[in-house]
Protein chains: 2
Amino acid sequence: MSKLTKKRQAILDILKASHDAMSAAEVHAAVSDIDLATVYRSLEYLTNEKLIRRLQLGTQEARYEFQTEPHHHAICTECDRVIHFTAPDEKIKELLGVKDFAVDELEVTVRGICNHDK
Amino acid sequence: MSKLTKKRQAILDILKASHDAMSAAEVHAAVSDIDLATVYRSLEYLTNEKLIRRLQLGTQEARYEFQTEPHHHAICTECDRVIHFTAPDEKIKELLGVKDFAVDELEVTVRGICNHDK
DNA sequence: TAATTAATGCGAATCATTTGCAATTGATTG
DNA sequence: CAATCAATTGCAAATGATTCGCATTAATTA
C-alpha cells in the first residue's frame with residue numbers, strides 16, 4: 001500500500017504554492033534533500049492519485065501542476081508564459097462531434113502571443 | 001539557402017503516405033540509408049516549412065504527420081490509437097474566451113476510449 | 001521486537017534528441 | 001570546366017529527461 005509520505009507531501013506543497021506548472025527539475029531544485037529519482041517517483045504517484053496533473057506542453061519535458069478544477073492552457077511562443085483558462089467542456093465536446101469515443105479528458109492547448117509587453 | 005533535398009522529399013513522402021503520425025524512429029525505420037540525425041534535422045526542416053506538423057501527444061516522444069487541413073486528435077488510452085477529427089475552430093475560440101492573447105494555433109487533445117473492440 | 005512491505009538514495013542505464021566535425025554533395029561563378 | 005562557397009549528410013559523441021536495479025532506511029504489522 002502506498003502512502004502520501006512526508007516527502008511526497010512536501011512536493012505536493014511546492015506545486016500547490018506554485019502559480020506555474022513546474023518541471024521535475026524545478027521541483028527538485030525547490031525542495032531540499034530529495035533525490036531527483038524520488039522526485040520523479042513522487043510526481044508519478046501524485047499524478048496517479050490525481051492530486052496533480054502532468055502536462056506535456058509541446059516540449060519533451062513534462063510539467064506538473066496542482067490539480068484544481070480542470071482548465072486549459074495557452075502558451076506564448078515569445079515569452080513561454082503559460083496562461084490558464086477555463087471553458088465549457090461540454091459545449092466544446094458537442095462542437096467536436098467525436099463519435100464512437102468515450103471522452104475521458106479534454107485538453108485544449110493554444111499557442112500564440114500574449115501581451116507580455118505592456 | 002536551404003532546400004527540399006531528395007532525402008527530405010523521401011521523408012515527406014513517407015509521412016504523406018502514412019495514415020498515422022509517426023515518430024522519428026519510425027520514420028528512420030521506414031526510409032533506407034538516411035541517418036537518424038538527418039531524419040531529425042529533416043523533420044525539423046519540414047516542420048519549419050509547415051509541410052508537416054509536430055505533435056506532442058502526451059508522451060515525451062514527438063510524432064510527425066503530413067500537414068493537411070488543421071485538425072485535432074483523440075488518443076485511446078487503451079489501444080493508443082490516434083483518431084483525427086476536425087472542428088469549427090472559430091467557435092471553439094469564442095467559447096474559450098481567451099483575452100489579451102493573439103491565438104496562432106489551437107489544438108484540442110482528447111483522451112478516452114475508442115470502440116476498438118468491435 | 002522480529003518480520004514484512006514500502007520508500008528512498010545513489011549510480012548506472014535508457015530513450016529521445018541534439019551537436020561538433022569532417023566528408024560529401026550541390027550550386028555558383030570566374 | 002575548374003575553383004569556390006554554402007548547405008547537407010553521416011558518424012560518433014554529448015546532452016537532457018526519465019527510468020531502473022539494488023542496497024539501505026523508514027514505516028507498519030504480526
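Letters go in sequence order (proteins before strands), and every chain restarts at 1.
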Are Leu12(A) and Ile52(A) close enough, and set up right, to give a side chain to side chain contact (heavy atoms under 4.5 Å, CB included), and what steps lead you there?
CA-CA 8 Å; Leu12(A) 182 59; Ile52(A) 64 175; 3.6 Å; yes

Atom CD of Gln56(A) and atom C1' of dA17(D): how far apart are they, to the nearest Å?
10 Å

Using whole Å, report how far CD of Glu44(A) lies from P of dA17(D).
18 Å

Separation of Gln60(B) atom CD from dG16(D) atom C1', in whole Å?
10 Å

Partner set under side-chain contact (heavy atoms from CB on, under 4.5 Å) for Ala30(A), not counting sequence neighbours
Ile14(A), Met22(A)

What's the CD-P distance between Gln9(B) and dT8(D), to the nearest Å?
15 Å

In whole angstroms, how far is the P atom of dC15(C) from the CD atom of Glu61(A)?
20 Å

Checking Phe101(B) now: which residues fulfil side-chain contact (heavy atoms from CB on, under 4.5 Å) with it, not counting sequence neighbours?
Ala74(A), Cys76(A), Ile83(A), Val110(A), Cys114(A), Val98(B), Val103(B)

With heavy atoms under 4.0 Å as the rule, sort Ala62(B) into base, sugar-phosphate or nothing.
sugar-phosphate

Are Ile34(A) and Tyr45(A) connected into the same hydrophobic cluster when the rule is that any two of I, L, V, M, F, W, Y join if their side-chain heavy atoms are below 4.5 Å apart?
yes

Quick one: salt bridge (charged side-chain N to carboxylate O under 4.0 Å, His left out) pairs with a partner in residues 32-59 of chain B, sequence neighbours left out?
Arg53(B)-Glu65(B)

Rounded distance (Å) that lies between atom C1' of dG10(D) and atom CG of Leu36(B):
11 Å

The contact string for nucleotides 22-30 of chain D, one letter per nucleotide 5' to 3', using protein heavy atoms under 4.0 Å with B, S and - for base, sugar-phosphate only and none, comes out as ------S--

What is the separation between atom CD1 on Ile11(A) and atom P on dA7(C), rounded to the nearest whole Å?
13 Å

Quick check on dT18(C): is either OP1 or OP2 less than 4.0 Å from any side-chain nitrogen or oxygen of Tyr40(B)?
no

Selection from dC11(D), dG9(C), dA17(D) that lies nearest to any side-chain heavy atom of Asp35(A):
dG9(C)

Just to be sure I understand the rule, does Ile34(B) reach a base, reach only the sugar-phosphate, or reach nothing, if contact means heavy atoms closer than 4.0 Å?
sugar-phosphate

Which nucleotide, dT8(C), dT19(D), dG10(D), lies nearest any side-chain atom of Thr38(B)?
dG10(D)

I want to check one thing: is the phosphate of dA6(C), taken as OP1 and OP2, less than 4.0 Å away from some side-chain N or O of Thr5(A)?
no

My understanding is that only residues two or more places apart in sequence, or in another chain, count here; which of them pass side-chain hydrogen bond (donor to acceptor under 3.5 Å, both in side chains) with His72(A)?
Asp89(A)

Nearest-Å distance for atom pair CG/C1', residues Leu4(B) and dA7(D)
14 Å

Which nucleotide in the list dT19(D), dT18(D), dA7(C) gets nearest to the side chain of Arg8(A)?
dA7(C)

Closest to the Ala37(B) side chain: dT19(C), dT18(D), dA16(C)?
dT19(C)

Excluding sequence neighbours, so at least two apart, what forms side-chain contact (heavy atoms from CB on, under 4.5 Å) with Lys91(B)?
Leu95(A), Pro88(B)

